[in-house]
Number of protein chains: 2
Amino acid sequence: MNTLSYGLLSILAQSSFSGYDLMLRLQPFWPAKHSQIYPLLASLEKEEYVSYEHVAQSDKPDKKVYSLTDKGKQALRDWLSEPAAEPVTRDELMLKAYCLSNTDPEGARRLFSARLEYYRKRLRQHEDKAALLRERGEFPMNGEAPPFESIRFGSYILVEKALRTTRSNIEWTEWALSLLPLPE
Amino acid sequence: MNTLSYGLLSILAQSSFSGYDLMLRLQPFWPAKHSQIYPLLASLEKEEYVSYEHVAQSDKPDKKVYSLTDKGKQALRDWLSEPAAEPVTRDELMLKAYCLSNTDPEGARRLFSARLEYYRKRLRQHEDKAALLRERGEFPMNGEAPPFESIRFGSYILVEKALRTTRSNIEWTEWALSLLPLPE
DNA sequence: GCGCTCATGTAAAAAGTTACATGATTTC
DNA sequence: GAAATCATGTAACTTTTTACATGAGCGC
């Protein structure tokens, strides 16, 4: 049982999903490719943390829909009671920033402008998701938080984190760009 | 040549360092263990991206001090002209937050309090480092940025990033804690 | 004496990415 | 007709972590 396994169980705690759906939903928190997820799901099923049922579809390929077993739920609760590992971030742009004097202002501007666009795109995605969740009635309309006991509480604070982090990153990137020599 | 290799070259662009120093300096941007760095340095030396000289020490063990070769400098410039890959963050607490309704308020408070302490410690470290760099005269005293051409420009914007990110994370964690049911 | 820092390395295991493989439906 | 999405899987490879290995000096 590694962190990715618990990640899968965490998503399944909300609802049942196919391996494909699990992969998409896990991306924002613990990026993983389908080639890592499918074999893991098979082993989690073998160890009885999850079970699945075959669901035939007419318009799309058939799928396996996975659910948490009692053993899986218990494993999730045990894992939640342990302290969380420290976060790890790897960002190539930070390495490039470190030795930025080895490029020219144009090269630097290209790097930071591309990153700014990336962050802005991410912000739009997060805002769209927040709007969708509000429209769907999953978040209260009055701007208040769902109660702690609700299964929506987690999503609520995570959307807020994504928005804050992305806005902070945008502000920093704009600030860094403003320090670069003006293009002529 | 993978990203970690370029990370090593990026640090060496500032000054020459031992493998041990390189490991420590790389931690904030691209965490890696010494067991990954030493063999990589050997292969970078073999491919003539870096060279080293043996430095005998009386109080501490002898060390190999690595420097960038001309080939290494050119590789660094070529790499800088390419766009940076997207950042990757993996944070176990975000997974735990997602299924937080599967624990009690006490468990949730433990998780977020521990994270808040971690972020506060990190903030102190970053503030200390900023103060040190100012005292050493590496950053201008008046609060302005070093010029873009200076080798300090990169450190300057990276320290600012670390401070902004950590403060934003602290604020979010405090906000999340404030939403948890009061302990009695 | 015990643990920490400095210092370098190798070996094995685990985690993650890329490529190979297939195939229907839908959208441009 | 080409590309994207949904859907699942395996194989090969790269990257990262953990464990094994050694050893001197320093502070408590």
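Lettering of chains follows the sequences in order, A, B, ..., and the numbering in each one begins at 1.
Annotation for B:E117: atom CD does not count as buried by contact number, only 12 or fewer foreign heavy atoms lying within 6.0 Å.
Applying the 4.0 Å criterion to OP1 and OP2 of D:dC6, one finds that A:Q57 has every side-chain N and O outside that range. A sub-4.0 Å separation between OP1 or OP2 of C:dT18 and a side-chain N or O of A:K33 is present.
At whole-Å resolution of the value, CG in B:L40 and C1' in D:dT17 are 15 Å apart. Taking atom CD1 of residue A:I37 and atom C1' of nucleotide D:dC6, one finds them 15 Å apart after rounding to whole Å. The CZ-C1' distance, from B:R90 to C:dT17, rounds to 10 Å in whole Å. As a whole-Å value, the separation of A:L41 CG from D:dG9 P is 8 Å. Per the geometry, NE2 belonging to A:H54 stands 14 Å off C1' belonging to D:dC6, to the nearest Å. To the nearest angstrom, C1' of C:dT22 lies 14 Å from CG of A:D62. Rounded to an integer number of Å, the gap from A:L24 CG to D:dC6 P is 7 Å. As rounded to whole Å, 8 Å separates atom P of D:dC6 from atom CG of A:D21.
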Would you give me the side-chain donor-acceptor pairs under 3.5 Å for residues 143-155 of chain A, sequence neighbours excluded?
from   : atom 1 : to     : atom 2 : distance (Å)
A:S150 : OG     : A:R152 : N      : 2.8

Please list every donor-acceptor pair under 3.5 Å in which a side-chain atom of residues 21-49 of chain A meets a protein atom from a residue at least two apart or in another chain.
from  : atom 1 : to    : atom 2 : distance (Å)
A:Q27 : NE2    : A:M23 : O      : 3.0
A:Q27 : NE2    : A:A32 : O      : 2.7
A:S43 : OG     : A:L40 : O      : 3.0

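Between B:L68 and B:A13, the shortest heavy-atom contact is CD1-CA, 3.9 Å.
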Shorter than 3.5 Å, N or O on both sides, protein versus nucleotides 21-28 of chain D: list them out with atom names.
from   : atom 1 : to    : atom 2 : distance (Å)
D:dG25 : O4'    : B:D59 : O      : 3.3

Pairs under 3.5 angstrom, nitrogen or oxygen only, protein versus nucleotides 11-15 of chain D, please.
from   : atom 1 : to   : atom 2 : distance (Å)
D:dT15 : OP2    : B:N2 : ND2    : 3.2

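By the side-chain contact (heavy atoms from CB on, under 4.5 Å) test, B:R124 pairs with B:R120, B:K121, sequence neighbours left out. Listed by chain and residue number, nothing satisfies the salt bridge (charged side-chain N to carboxylate O under 4.0 Å, His left out) test with A:R134 (two or more places apart in sequence, or in another chain). Residues passing the salt bridge (charged side-chain N to carboxylate O under 4.0 Å, His left out) test with A:E127 are A:R167, sequence neighbours excluded. In this structure B:E171 satisfies the salt bridge (charged side-chain N to carboxylate O under 4.0 Å, His left out) test with no other residue, sequence neighbours excluded.
The list of side-chain hydrogen bond (donor to acceptor under 3.5 Å, both in side chains) pairs with a residue in residues 95-106 of chain B, not counting sequence neighbours, is empty. Pairs of residues two or more places apart, or lying in two chains, that qualify as ring pair (Phe, Tyr, Trp, His ring centres under 6.0 Å) and include a residue from residues 107-140 of chain B are B:F112-B:W172, B:F139-B:Y156.
The residue among B:Y38 and B:V88 whose nearest nucleotide of DNA chain C is located toward the 5' end is B:Y38.
Relative to the axis of its first five pairs, the axis of the last five pairs of the helix from C:dG1-D:dC28 to C:dC28-D:dG1 sits at 50°, rounded to 10 degrees.
Grouping Ile, Leu, Val, Met, Phe, Trp and Tyr by side-chain contacts under 4.5 Å, direct or through others, puts A:V55 with A:V65.
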Please determine whether salt bridge (charged side-chain N to carboxylate O under 4.0 Å, His left out) holds for the pair B:D78 and B:K73, giving the CA-CA distance in whole Å, both sets of side-chain angles, and the decisive distance to 0.1 Å.
CA-CA 9 Å; B:D78 292 346; B:K73 278 176 203 161; over 6 Å; no

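A:K63 comes within 4.0 angstrom of sugar-phosphate atoms only, judged by non-hydrogen atoms across all strands, and of no base.
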